Engineer: 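The structure that follows is given in the form of structure tokens.
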Protein chains: 2
Amino acid sequence: MFEARMAQATVLKRVLEAVKDMVNEGNFDCSEEGICLQAMDVAHVSLVNVLLRGQGFEMFRCDRNLALGIQLANLSKVLNCAGKDDAVTIKAEDEGADTAEFMFESAKGDRITTFELTLMDIDSEHLGVPEDTTYTAVIKMPSNEFRRIISDLSTIGDTVTIEVSKDGASFQVAGDIGKGNLCIQSNTSADKPSDRVEITMEEPTKQTYAMRYLTFFTKAAPLSDTVTISLSPDVPLVVEFNIGEEVGFVKYYLAPKITEGDLE
Amino acid sequence: MFEARMAQATVLKRVLEAVKDMVNEGNFDCSEEGICLQAMDVAHVSLVNVLLRGQGFEMFRCDRNLALGIQLANLSKVLNCAGKDDAVTIKAEDEGADTAEFMFESAKGDRITTFELTLMDIDSEHLGVPEDTTYTAVIKMPSNEFRRIISDLSTIGDTVTIEVSKDGASFQVAGDIGKGNLCIQSNTSADKPSDRVEITMEEPTKQTYAMRYLTFFTKAAPLSDTVTISLSPDVPLVVEFNIGEEVGFVKYYLAPKITEGDLE
DNA sequence: AATCACTGGT
DNA sequence: ACCAGTGATT
């Protein structure tokens, strides 16, 4: 038996908003640790890794590990039926469950909605989620600022070069109408901690990425006030949004583009 | 070398909002006087004349006259990447520059964005901007009120007749669903000077104009609290928005429609 | 009043 | 997946 209750269904809703445009289907791997989803986008270019820890739930019970194979568009539809302040309870049988139940309860308890979502068998492709990598450059900034940067620059071109040097971090783009270059500096003294920008650099780093995927990644901004972007030469970029203090995270990975500079 | 810095990028942004729907491309003529843009709409029916005086800038340096040929949609895209309180600096080389640089600096100075916009050669068609004309009727009113009048009346018909007489100014429209007639009177005693309406009349004047272009003209309303509309029989109407005290202006010209009345 | 963020619709 | 309209916020 698997059963978990989350006070804020909107958290789950936002998680789905953060992945559904990129990934069609995935296994929600339930274990004592929590619920984990790892999947690649349709083009197998980028990877998303979601964890909702058991302790982030009001109630969490997982007798045996199980994988709930879900069409994300369907779950998203279901979650859109949750009210503003609804709590959500997820239930599934242990053995060969072919449905999962999602129950929404309004804050006042005067409305209960349940959905049974048909599960599917999904091959859990082996995904090489990079672990314990150290990065040569890390940028922490307000997630809305990151979203704005990507949205602005995407009007100019479809690849972005991120360069971290002692001068700060710069986002560079080139396209038909011209070039753009946006620089930000560390700002560790903003009034609100969530407005702060922290750029840490082991060594100067410059890599190029496909804008399209970074645009997908910014869909997770509503989950978190801040985002952390970690890069190193020739290894996948990580864009990480933490959920609550210890509730979980959404991490995206994206390999850099091979640029002419790399061939020299 | 041309270099100019304006404290409020939003002024430039609004100027572009005021012209880009009407005009596709134009030369920004830079001289010691300032930056001037004159262009006709795509149908060559109306004319827009923008001046940003050098003294309206925090810094203005123009060693030689030069014409920056710009696709207005592209510049508008770039300006939309400016933050709310950003300053903007425009730079171009003197000789055969094929790009212009637009640099935005956030108020706190912790974010700098630069764009290099590709320039193009644009034939400066000779535009007969009417000068030193005296008008038989002039209406000065709050720009939002003018915007509202045009927006309201445009739902009824596609031409508007403006009539200034000793009774005030009236805007008349006729269409399938009926007729509209909106009258305003001088009101020189409103608390806020910008709320005042001043109608001055040399002689009674009545002319008809295409609504479509007046609607374009109202896009400049965010630039100025007040608008001045000047008309005379059989010469182009002028709709003028001043920018700041002495920063510059946006003026639109539109020839009256030949109406049956004129043929009598 | 204007800008931004969010939601819902195409 | 994008856009536009609406609502909240400064």
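By convention in this document, chain letters (A, B, ...) are assigned in the order of the sequence lines, proteins followed by strands, and residues within each chain are numbered from 1. Bear in mind that the values here come from a model prediction, so they are computed numbers and not experimental data.
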Engineer: Whole angstrom is fine here: how far is it from CG in A:Asp195 over to C1' in C:dC4?
Structural biologist: 14 Å
Engineer: Which nucleotide wins on minimum distance to the side chain of A:Asp21, given the candidates D:dA1, C:dA1, C:dT3?
Structural biologist: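 Per side-chain heavy atoms of A:Asp21, the pick is D:dA1.
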Engineer: Taking atom P of C:dA2 as reference, at what distance in whole Å does atom CG of B:Asp86 sit?
Structural biologist: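 For the pair B:Asp86 CG and C:dA2 P, the rounded distance is 19 Å.
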Engineer: Specify the separation, in whole Å, of atom NZ of A:Lys13 and atom P of C:dG8.
Structural biologist: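 Result: 7 Å.
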Engineer: For A:Asp121, is the CG atom crowded, meaning more than 12 foreign heavy atoms sit under 6.0 Å from it?
Structural biologist: no
Engineer: Tell me: CD of A:Glu17 to P of D:dC2, nearest whole Å?
Structural biologist: 14 Å
Engineer: Verify, without hydrogens or angle tests, whether A:Ser143 (side chain) and A:Asp225 (backbone) share a donor-acceptor contact under 3.5 angstrom.
Structural biologist: yes
Engineer: Of all the choices, D:dA1, C:dA5, C:dT3, which nucleotide is nearest to the side chain of A:Phe216 once you look at every atom?
Structural biologist: D:dA1
Engineer: What is the separation between atom NZ on A:Lys192 and atom C1' on D:dT9, rounded to the nearest whole Å?
Structural biologist: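 From A:Lys192 NZ to D:dT9 C1': 11 Å.
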Engineer: Looking at residues at least two apart in the chain, or sitting in another chain, which of them share a side-chain contact (heavy atoms from CB on, under 4.5 Å) with A:Lys91?
Structural biologist: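 Partners of A:Lys91 under the side-chain contact (heavy atoms from CB on, under 4.5 Å) test: A:Met1, A:Glu3, A:Thr89, A:Glu101.
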Engineer: What is the distance, to the nearest angstrom, from the CG atom on A:Leu16 to the C1' atom on D:dA1?
Structural biologist: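 Rounded to whole Å, this separation is 16 Å.
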Engineer: Classify the nucleic acid contact of A:Arg147 as base, sugar-phosphate or nothing, counting any heavy atom under 4.0 Å across all strands shown.
Structural biologist: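 Result for A:Arg147 = sugar-phosphate.
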Engineer: Specify the separation, in whole Å, of atom CG of A:Asn144 and atom P of C:dC4.
Structural biologist: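 Rounded to whole Å, this separation is 11 Å.
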Engineer: Between D:dA1 atom P and A:Lys20 atom NZ, what is the distance in whole Å?
Structural biologist: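 So the NZ-P distance, A:Lys20 to D:dA1, works out to 7 Å.
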Engineer: For B:Ser151, give me all partners under side-chain contact (heavy atoms from CB on, under 4.5 Å), at least two apart in sequence or on another chain.
Structural biologist: none
Engineer: OP1 or OP2 of C:dT3 less than 4.0 angstrom from a side-chain nitrogen or oxygen of B:Arg14, does that happen here?
Structural biologist: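 So the side chain of B:Arg14 is within the cut-off, an N or O lying under 4.0 Å from OP1 or OP2 of C:dT3.
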